[in-house]
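Report on the structure given below.
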Amino acid sequence: MKHFSIATWNINSVRLRLPLVLSLLEDQAPDILCLQETKCPNDLFPTKELKKRGYEHIEIHGQKGYHGVAIISKLPLESVSSIDFCEMGDTRHISAIARAGERAIRVHNFYVPAGGDEPNREINPKFAHKLDFLEEMKALHAEAEQDSGVSSILVGDLNIAPLETDVWSHKQLLKVVSHTPIETDGLNEVQARGAWVDLMRQHIPAEEKIFTWWSYRARDWDVSDRGRRLDHIWSSADLSPALSNVTVMREARGWERPSDHVPVFARFNF
DNA sequence: ATGGTAGTCGAACTA
C-alpha cells in the first residue's frame, strides 16, 4: 500500500503567511501543497525555506501584487506548464506531473477569477472574464493523458460554490457572485465535460454543509458561520476509488493573521 | 441597503 496526499490553500500572500505554510507542512506533511494568491513575483518566492524542509520540488507562476500559483512538492515534478486562460497574462494556472509510486499524476492548480460584485457580464467585465475563463476550462479533460498512463488531479480556488450546501444560505446567495446559476451551471459543465470527480463530495455527503472560505468582513466568522465552499479537489475517475480521506482544516481560519480560505486535504491509498 | 476587512504597495486596485 502506497500513500499519497495533496492539499490546496488560497494563502493570500505567501510571504506574509510563510510561517503558517511551514507549520502546516510540518504538522500535516502532504506530499504536495498547491497554493493560490501567492501575490509574489517569482524571484521573491520563499523557495529556500521550503526546500530546507524537504519540499525540494517547487514550481511557481507568480506576478507582482496579484494572483499567483505554486506547486510545492516532496515528489519530483516534470512536464510543467501554465495555460494563459483568456490570454490576459494572469498567473492563474500551473500544472505538473508528479510521480507517486507507480503512478503518474498531472496536478492542475487553479485560481479562477473572483468575478467582481455585479453578476452581469454586460456591465461587469470581471464577471465576463470569470465566465469566459470557465468556458475555456471546459476543454480540460481529466483523461487527456490517460493513454500515456497519466492520471489527473485538479485543485484550487475555483471561486464558485456549486451546491446548495456549499453556502450558508442558498436562497440569500442566489444573486451573489460565486453562487449564481450561470456560475454553478458553468462549473458543473466544466466538471461533466472533463469527466472530473468531485472528491470532496465523494467523501462528504451533499446533504452536509462544507465551507472553505469565510469573509474577512464578517465580525465573528465562527459564530455567524457565513461560509462558502470555494476551494475544490477533483480527480480523474481512475483515482477516485483510492481516495481514503478528505479534510477541511476549519481551525486554520482561527489562526493568528489567517487567510480567509482554509487548507483542504485529500489522501489516497494506492 | 450599506459597509464591513485584508493585502500589495505606496494610490488604487483586488478580493
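From a predicted model like this one, the values you see are computed outputs, not experimental measurements. Only this structure's heavy atoms are used, side chains among them; waters, hydrogens and symmetry mates stay out. Protein chains get the first letters and strands the later ones, always in sequence-line order, with residue 1 at the start of each.
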| query | Start at the 5' end of DNA chain B and walk down; is the nucleotide closest to A/His67 or to A/Pro41 reached first? | reply | A/Pro41

| request: Let me know, please, whether A/Gly115 or A/Gly65 comes out on the 5' side of the other along DNA chain B by nearest nucleotide. | output: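 Here A/Gly65 is the residue nearer the 5' end.
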
| query | Just to confirm, is there a sub-4.0 Å distance from OP1 or OP2 of B/dT8 to any side-chain nitrogen or oxygen of A/Lys64? | reply | no

| said: Would you say A/Arg257 places a side-chain N or O within less than 4.0 Å of OP1 or OP2 belonging to B/dG7? | reply: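 It does, given that an N or O in the side chain of A/Arg257 lies less than 4.0 Å from OP1 or OP2 of B/dG7.
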
| query | Knowing that exactly one of A/Asn12, A/Thr8, A/Asn159, A/Thr91 qualifies, which makes a side-chain hydrogen bond (donor to acceptor under 3.5 Å, both in side chains) with A/Gln36? | reply |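 Running side-chain hydrogen bond (donor to acceptor under 3.5 Å, both in side chains) over A/Asn12, A/Thr8, A/Asn159, A/Thr91 with A/Gln36 returns exactly one hit, A/Thr8.
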
Provide, to the nearest angstrom, the distance between the [atom1] atom belonging to [X] and the [atom2] atom belonging to [N].
X	N	atom1	atom2	answer
A/Asn124	B/dC13	CG	C1'	14 Å
A/Asn10	B/dT8	CG	P	13 Å
A/Asn12	B/dT14	CG	P	15 Å
A/Ile11	B/dA15	CD1	P	18 Å
A/His261	B/dT5	NE2	P	18 Å
A/Trp214	B/dG4	CH2	C1'	19 Å
A/Glu256	B/dG7	CD	C1'	17 Å
A/Arg17	B/dA6	CZ	C1'	8 Å

| query | Parallel under 30°, tilted from 30 to 60°, perpendicular over 60°: which one fits the rings of A/His67 and A/Tyr111? | reply |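 Plane angle between 30° and 60°, so tilted.
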
| query | Angle class for the A/Phe268/A/Phe4 ring planes (parallel below 30°, perpendicular above 60°, tilted otherwise)? | reply | tilted

| task | Can you figure out which of B/dA15, B/dT14, B/dT8 approaches the side chain of A/Glu37 most closely? | result | B/dA15

| request: May I ask you to say what A/Arg228 touches in the nucleic acid, namely base, sugar-phosphate or nothing, with a heavy-atom cut-off under 4.0 Å? | output: nothing

| said: Within the 4.0 Å heavy-atom criterion, would you say A/Arg226 contacts the bases, only the backbone, or no part of the nucleic acid? | reply: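 If one applies the 4.0 Å heavy-atom cut-off, A/Arg226 turns out to touch nothing in the nucleic acid.
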
| said: Is there a salt bridge (charged side-chain N to carboxylate O under 4.0 Å, His left out) between A/Arg228 and A/Asp260? Walk through the geometry before answering. | reply: CA-CA 11 Å; A/Arg228 305 177 202 169; A/Asp260 46 355; over 6 Å; no

| task | For A/Glu59 and A/Ala96, indicate whether the former's side chain and the latter's backbone hold a donor-acceptor pair under 3.5 Å. | result |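 The answer is no, because no donor-acceptor pair under 3.5 Å joins these two groups.
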
| B/dG4 and B/dA15: how far apart are their C1' atoms, nearest whole angstrom? |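 That atom pair is separated by 14 Å.
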
| task | For B/dT14 and B/dG10, measure between their C1' atoms and round to the nearest Å. | result | 16 Å

